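What follows is a set of notes on a single structure, which appears directly below.
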Amino acid sequence: LEDAKLVEKARDGDAAAYEGLVRGHQELAFRTAYLITGNVAEAEDAAQEAFVKAYRALGRFRAGAPFRPWLLSIVANEARNRRKSAGRRASLALRAATEGPSGSADPSPEAAAVASERRAELLGALGTLREEDRLAVACRYFLGLSEAETADALGCARGTVKSRVSRAIGRLRERMAKEEDAAR
Amino acid sequence: MRPDRGPDRESEFERELRDLGPRIEYPPTPDLARTVRHRLDEEANEETGSRTFWSRLPDLRWAAAAAAFVLIVAVPSLSPALRATVSDWFPAGGAGESGQAAGGGDPGPPPAESGGDVPESGGAIGSSAEPETRGARSLGKGLGLGERISLREARARASDGLLLPGTPELGEPDEVYTPGPSQENGVALVYRAGPGLPPLGDTNVGLVLTELPGRIEPAYLSGGAPAEAGLESVSVRDRQGYWIPPNHRTAPAVERTDGLPGSVLLWEREGLALRLETNLSKQESVRIAESLR
């Protein structure tokens with residue numbers, strides 16, 4: 001069932017429908033929380049609490065509106081609050097798989113090794129960015145959120161998302177260029 | 001000379017980042033669907049248990065209704081001495097509440113939080129009398145402002161501080177609402193109409209101040225930049241604001257509170273997009289806006 005129907009049923013008290021809704025969004029919710037908190041346990045707690053709060057607030061959810069951005073804003077807020085109470089900066093140590101997703105194939109072992117190294121460098125460079133820029137990039141490119149969804153998740157305007165992403169890409173470009181120059 | 005690393009290079013980065021997305025190794029996603037379902041089922045069972053208890057006691061409910069009747073209708077008609085005695089029997093709840101409602105000046109408590117409709121200890125009187133009392137006193141009900149919360153809760157939500165009018169005639173709001181659970185949903189402060197504060201439309205509301213994190217566009221404006229559309233510029237503490245009279249119909253569309261056909265003042269301060277809706281003059285509205293602290 002599509003989100004709108006599940007939301008409608010859940011609003012009428014159908015817990016199974018809400019369970020279906022959670023199942024459909026739990027991965028994105030958890031990963032969003034993880035990108036913000038940088039901690040598995042906190043991400044799980046934040047996402048769980050966000051789903052419970054969203055259920056209680058379903059009565060105020062505007063019928064026909066997309067569920068995902070609304071949910072993500074609750075998840076992100078919950079995650080930010082948890083990180084804030086933990087009083088630390090999220091250290092996001094992301095790793096990329098050496099093998100590509102199923103269906104993709106690198107042309108040769110050598111090319112695969114180069115690509116893998118490049119990805120690791122890119123992730124390393126990403127780790128040096130300001131947190132707000134890194135999160136904007138992660139939401140847009142890793143989670144595949146739209147600009148509007150990213151804005152909702154990060155609690156800022158769309159224009160801010162655009163400028164953060166643009167600034168982040170500029171810095172990544174500079175950093176990667178430096179590494180390329182150093183390697184020559 | 002370094003090769004051009006302009007737009008092409010940027011899009012290459014974007015492509016690389018997109019390709020990287022599916023390869024990121026996230027921790028495994030926990031089965032939140034099951035955990036959340038379990039929590040909600042438990043809550044529902046607790047609630048049903050409480051409701052069942054009360055539904056099994058119809059006589060007690062009638063007694064509660066009768067007690068509420070005595071407190072609200074019969075007690076005020078008694079002699080002062082008798083009234084004092086009856087009040088001693090029921091020290092809390094209904095009689096005091098209705099007295100406040102008649103006075104109209106007290107903002108009163110916010111409605112119960114979610115789940116607060118389950119009768120509490122000694123709550124039989126309150127649970128019968130409260131909806132009517134609340135309905136009569138609720139200013140912002142039906143204006144699409146969201147859930148009513150306490151001023152204290154609103155203050156706790158606003159990590160960067162809640163701004164309140166500093167003019168002596170306003171002070172603390174009569175009611176506070178929020179459209180959603182997140183801090184980003186902002187708050188709306190509602191003031192009762194009174195001397196010097198004319199009502200908005202057919203309501204008893206005299207002023208609504210909405211505070212949302214972010215910019216006034218897109219928070220309250222859509223369909224065009226305010227400067228280009230000829231909105232009247234005003235200065236609020238040397239910062240640019242916009243004054244929109246009640247009959248404003250041109251783009252950009254200005255978001256107003258449902259059912260409040262007043263004038264609107266928009267401005268920004270300390271990372272907040274602020275909207276003041278009143279039936280006051282521009283000068284009066286700006287004076288209130290500048291008094292926020």
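Only this structure's heavy atoms are used, side chains among them; waters, hydrogens and symmetry mates stay out. Every chain is numbered from 1 and lettered A, B, ... according to where its sequence line falls, protein lines coming before strand lines. Just so we're clear, the structure is a prediction, and the values are computed from it rather than from any experiment.
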Above 12 or not: heavy atoms from other molecules or residues under 6.0 Å from CZ of Arg269(B)? yes

Determine the option with the most heavy-atom pairs under 4.5 angstrom with chain A, choosing from Ala33(B), Pro28(B), Gly21(B), Gly146(B). Ala33(B)

Please look at Arg80(A) and chain B and tell me whether the side chain, the backbone, both or neither of the residue comes under 4.5 angstrom of a heavy atom of that chain. side chain

Relative to chain A, which segment of Leu17(B) carries a heavy atom at a distance below 4.5 Å: side chain, backbone, both, or neither? both

Hey, could you give me the CE/CD distance between Met176(A) and Glu16(B), rounded to the nearest 0.5 Å? 6.0 Å

Tell me, for Pro30(B) versus chain A, whether the close heavy atoms (under 4.5 Å) come from the side chain, the backbone, both or neither. both

CD of Glu147(A): more than 12 outside heavy atoms within 6.0 angstrom? yes

Against chain B, label Arg23(A) side chain, backbone, both or neither, depending on which of its atoms sit under 4.5 Å from a heavy atom there. both

Between Ile24(B) and the options Leu143(A), Leu35(A), Leu123(A), the side chain to side chain contact (heavy atoms under 4.5 Å, CB included) test singles out Leu123(A)

Can you tell me how far the OG1 atom of Thr35(B) sits from the CZ atom of Phe51(A), to the nearest 0.5 Å? 10.5 Å

Quick check on Ala16(A) against chain B: is it the side chain, the backbone, both or neither that has a heavy atom closer than 4.5 Å? both

Distance in Å, Arg60(A) CZ paired with Thr178(B) OG1, rounded so as to fall on 0.5 Å steps: 7.5 Å

Nearest heavy-atom approach of Leu32(B) to Gln26(A) is N-OE1, 3.0 Å

Where do Val36(B) and Gln48(A) land on the side chain to side chain contact (heavy atoms under 4.5 Å, CB included) test, with the steps shown first? CA-CA 6 Å; Val36(B) 169; Gln48(A) 187 193 131; 4.0 Å; yes

Chain B interface, residue from Arg158(A), His25(A), Glu49(A) that has the most non-hydrogen pairs under 4.5 Å: Glu49(A)

Side chain / backbone / both / neither for Arg18(B) at chain A, heavy atoms under 4.5 Å: both

Contact class of Asp31(B) relative to chain A, heavy atoms under 4.5 angstrom: both

Drop me the distance from Glu14(B)'s CD to Arg173(A)'s CZ, to the nearest 0.5 angstrom. 10.5 Å

Using every non-hydrogen atom in the two residues, find where Arg37(B) and Ala15(A) come nearest and quote the distance to one decimal. NE-CB, 3.4 Å

